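Working notes for the structure below.
FYI, the numbering just counts along the sequence from 1. Source: prediction; values computed, not measured.
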Amino acid sequence: VRIRLEKKGRGGKTVTTVSGLPLNKNGIETLASELKRKLGTGGTVSDGVIEIQGDRRDALFLELTKREFRVKKV
């Protein structure tokens with residue numbers, strides 16, 4: 001699983017993306033919903049990539065590690 005911070009093409013807004021999840025579409029949607037609720041922020045899923053608003057790399061790293069994913073910050 002890769003966590004990346006993106007700004008380009010988003011009107012200057014910062015988005016943290018989570019990609020490479022070994023889950024099906026429903027699993028990714030469910031995980032995204034749980035992460036958004038846990039972090040108290042908005043986000044979406046597009047093409048199997050979870051996009052969370054703001055710079056949430058550290059919080060996402062901890063949360064995904066707790067769920068036993070192998071996580072790498074890119």
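No single ILVMFWY cluster, assembled from side-chain heavy atoms under 4.5 Å apart, contains both L21 and V15. Hydrophobic clustering (ILVMFWY, side-chain heavy atoms < 4.5 Å, transitive): L23 and L60 are in one cluster. By the rule that hydrophobic residues join a cluster once side-chain heavy atoms approach within less than 4.5 Å of another member, L35 and I3 end up as members of one cluster.
Once rounded to the nearest 0.5 Å, the distance linking CG of L31 with NZ of K36 reads 11.0 Å. With rounding to the nearest 0.5 Å, the separation of CZ in R57 from OG1 in T17 is 10.5 Å.
K72 meets the salt bridge (Lys or Arg N to Asp or Glu O under 4.0 Å) test with no other residue; sequence neighbours excluded.
When the shell of 6.0 Å around CZ of R4 is examined, it contains 12 or fewer heavy atoms from other residues, nucleotides or ligands. For CZ of R67, the number of neighbouring non-hydrogen atoms (other residues, nucleotides, ligands) closer than 6.0 Å is greater than 12.
In this structure, the side chains of D58 and K73 come closer than 4.5 Å at one or more pairs of heavy atoms.
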Can you list, pair by pair, the side-chain donor-acceptor contacts under 3.5 Å of residues 42-54, counting residues two or more places apart and other chains?
| unit_1 | atom_1 | unit_2 | atom_2 | d |
| --- | --- | --- | --- | --- |
| S46 | OG | E51 | OE2 | 3.2 |

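Minimum heavy-atom separation, T14 to D55: CG2-N, 4.1 Å.
R56 places a side-chain N or O within donor-acceptor distance of the main-chain N or O of L39, the cut-off being under 3.5 Å.
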Can you check salt bridge (Lys or Arg N to Asp or Glu O under 4.0 Å) on K25 and E29, steps first, answer last?
CA-CA 6 Å; K25 186 177 178 180; E29 293 277 346; 5.6 Å; no
